[in-house]
Amino acid sequence: RRTGTLPRHPLFFPRWTWGEPLVETGPECDTLFGGHAEDAEGMETRKSLDDVTGEIVDAALRLHTGLGPGLLESVYETVLARDLERRGLDVERQKIIAFEYDGMQFADGLRIDLMVDARVVVEIKSVEKVLPVHLKQVLTYLRLTRQPVGLLINFGASTLKEGLHRVVNHLDPSASPRLRVNQPTP
């Protein structure tokens, strides 16, 4: 019986945090988009959120395998952004987010390393160990941008398994048939 950890293979990523607990912050998010399909005119719609995060993890895994740990965050950010763009995803680097708090305006309040497909926040680190404050940082970014999912990717870890964390903000559990965890089997 499994109780909280998920399969360790990237193909099963849709609801996976590499053995770390999933950070949940409340009920469903109203910013989710539809799945990857074709509409009535044959135009392709956006990929599902799980497909986008799966593409990001796959690209990060290939990058970590190819370059290894220990380089500057900016190197990993540049290469990862290029790879995601080659995969057909929209990527914004060093996206500046303005916000307001208690009547005060912050024009350059935070900078997101990568915003992928206008709905996944990617925070890149190259440190020996991810600290709890790093996960809280991603959650704060998600709350301020009202985005459902963020990935914290630490390229400084010896394996990507140790350095990959998925953080969610008001996200419904995945209905993906590819992975069912902590659910009774039919």
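Sequential numbering from 1 along the given sequence is applied to the chain's residues.
- Shortest non-hydrogen contact noted between L49 and P148 is CD2-CG, 3.7 Å.
- Taking the side chain as every heavy atom from C-beta outward, T145 and I112 approach each other to under 4.5 Å.
- Note on L71: it clusters hydrophobically with F155, by side-chain heavy-atom contacts below 4.5 Å among ILVMFWY residues.
- Every salt bridge (charged side-chain N to carboxylate O under 4.0 Å, His left out) that E92 has, sequence neighbours left out, goes to K95.
- Using a 4.5 Å cut-off on side-chain heavy atoms (C-beta onward), R119 and V52 make contact.
- A donor-acceptor pair is defined here as one N or O able to donate and one able to accept, closer than 3.5 Å; no such pair exists between the side chain of D117 and the backbone of L89.
- In this structure, the side chains of V120 and M115 stay at 4.5 Å or more apart for every pair of heavy atoms.
- Side-chain atoms of H64 do not come within 3.5 Å of backbone N or O of A59 as any donor-acceptor pair.
- Of all non-hydrogen atoms in P69 and A157, the two that sit nearest each other are CB-O, 3.5 Å.
- With hydrophobic clusters built from ILVMFWY side chains whose heavy atoms lie under 4.5 angstrom apart, V79 shares a cluster with L72.
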Run the side-chain contact (heavy atoms from CB on, under 4.5 Å) check on V149 and L142 step by step: do they pass?
-> CA-CA 7 Å; V149 176; L142 294 175; 5.6 Å; no
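- Residues L131 and L151 do not share a hydrophobic cluster, defined by chaining ILVMFWY side chains whose heavy atoms lie under 4.5 Å apart.
- Using a 4.5 Å cut-off between side-chain heavy atoms of Ile, Leu, Val, Met, Phe, Trp and Tyr, with links allowed through other members, L139 and F99 fall into the same hydrophobic cluster.
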side-chain contact (heavy atoms from CB on, under 4.5 Å) between T78 and R93, worked out = CA-CA 8 Å; T78 302; R93 291 183 58 208; 3.1 Å; yes
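- Annotation: salt bridge (charged side-chain N to carboxylate O under 4.0 Å, His left out) contacts involving residues 62-74, sequence neighbours excluded, comprise D58-R62.
- Hydrophobic clustering (side-chain heavy atoms under 4.5 Å, transitive across Ile, Leu, Val, Met, Phe, Trp, Tyr) keeps V133 apart from V167.
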Mind running side-chain contact (heavy atoms from CB on, under 4.5 Å) on T53 and R166 for me, showing each step along the way?
-> CA-CA 9 Å; T53 56; R166 179 176 168 126; 3.0 Å; yes
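- A donor and an acceptor atom, one from each side chain of Q94 and D113, are located under 3.5 Å apart.
- Applying side-chain contact (heavy atoms from CB on, under 4.5 Å) to I124 and the options L80, V75, L152 leaves one that passes, L80.
- Under the 4.5 Å side-chain criterion, counting only non-hydrogen atoms from C-beta, L110 is in contact with L144.
- Inter-residue side-chain proximity for I153 and V57 is flagged as unmet; no heavy-atom pair is nearer than 4.5 Å.
- At a threshold of 4.5 Å between non-hydrogen side-chain atoms, the residues L164 and N154 do not count as touching.
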Check against side-chain contact (heavy atoms from CB on, under 4.5 Å), L63 and D83 | CA-CA 9 Å; L63 175 57; D83 189 19; over 6 Å; no
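- Taking the side chain as every heavy atom from C-beta outward, L114 and E77 approach each other to under 4.5 Å.
- Between the CG atom in L135 and the NE2 atom in H165 there is a gap of 6.0 Å [rounded to 0.5 Å].
- In this structure, CD on E55 lies 12.0 Å from CG on D50, to the nearest 0.5 angstrom.
- Scanning all heavy atoms of the two residues, the minimum distance from A107 to A98 falls at O-CB, 3.6 Å.
- Sorted by first and then second residue, the pairs that involve residues 121-137 and meet side chain to side chain donor-acceptor pair (under 3.5 Å), not counting sequence neighbours, are E123-K125, K125-Q137, Q137-Y141.
- Atoms CD1 and CG, from I97 and D108 in turn, are 10.0 Å apart once rounded to the nearest 0.5 Å.
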